[in-house]
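Below is one structure, written out as structure tokens; comments come after it.
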Amino acid sequence: MKMLNQLLAATSIVLCLAACTSAPKADSVRPYPFKTCLVTDNALGSMGDPITRIYEGREVKFCCAPCVAEFEANPAVFLSKLKD
């Protein structure tokens, strides 16, 4: 039982460290430049609370969940709208 507790504790520590190192740092994420959905150009907030995702170090905002799905099906098309 003692070994099981130690194994669980070690696993928890490893998972916490992995989560901390893989999450993008807030200051390294490029902010979303528009007040409209990247997919439909609808005003953010027009369909309820906007949905924010981080994609390859860039913040991307959507007006609704179907727009997230459409973006994820072909992100290159929509990311081309963002000027670096």
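Note that the structure is a prediction, hence the values are computed from the model and not measured.
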Q | Phe78 and Glu70, any side-chain heavy atoms less than 4.5 Å apart | A | yes
Q) Is there a chain of hydrophobic side chains (I, L, V, M, F, W, Y, each step under 4.5 Å between heavy atoms) that links Leu44 to Met47? A) no
**Q.** Sub-4.5 Å side-chain heavy-atom contact between Leu38 and Cys67
**A.** no
Q. Can you tell me if Ser46 uses its side chain to pair, donor with acceptor, with the backbone of Ala43 under 3.5 Å?
A. yes
(Q) Go through it in stages, so that I can follow the logic: the residues are Asp41 and Phe34, the test is side chain to side chain contact (heavy atoms under 4.5 Å, CB included), and I'd like the CA-CA distance, side-chain angles, deciding distance and then a yes or no. (A) CA-CA 9 Å; Asp41 293 323; Phe34 307 126; over 6 Å; no
Q) Measuring from Glu56:CD to Leu79:CG, what's the distance to the nearest 0.5 Å? A) 6.5 Å
Q. Between Val68, Ile51, Asn42, which is the residue that forms a side chain to side chain contact (heavy atoms under 4.5 Å, CB included) with Cys63?
A. Asn42
Q | Partners passing side chain to side chain contact (heavy atoms under 4.5 Å, CB included) against Asp49 (at least two apart in sequence or in another chain) | A | none
Q) Which of parallel (below 30°), tilted (30 to 60°) and perpendicular (above 60°) describes Phe71 and Tyr55? A) perpendicular
Q.
Just to verify, what does Glu59 make a side chain to side chain contact (heavy atoms under 4.5 Å, CB included) with, not counting sequence neighbours?
A. Val29, Pro31, Tyr32, Thr52, Ile54, Lys61
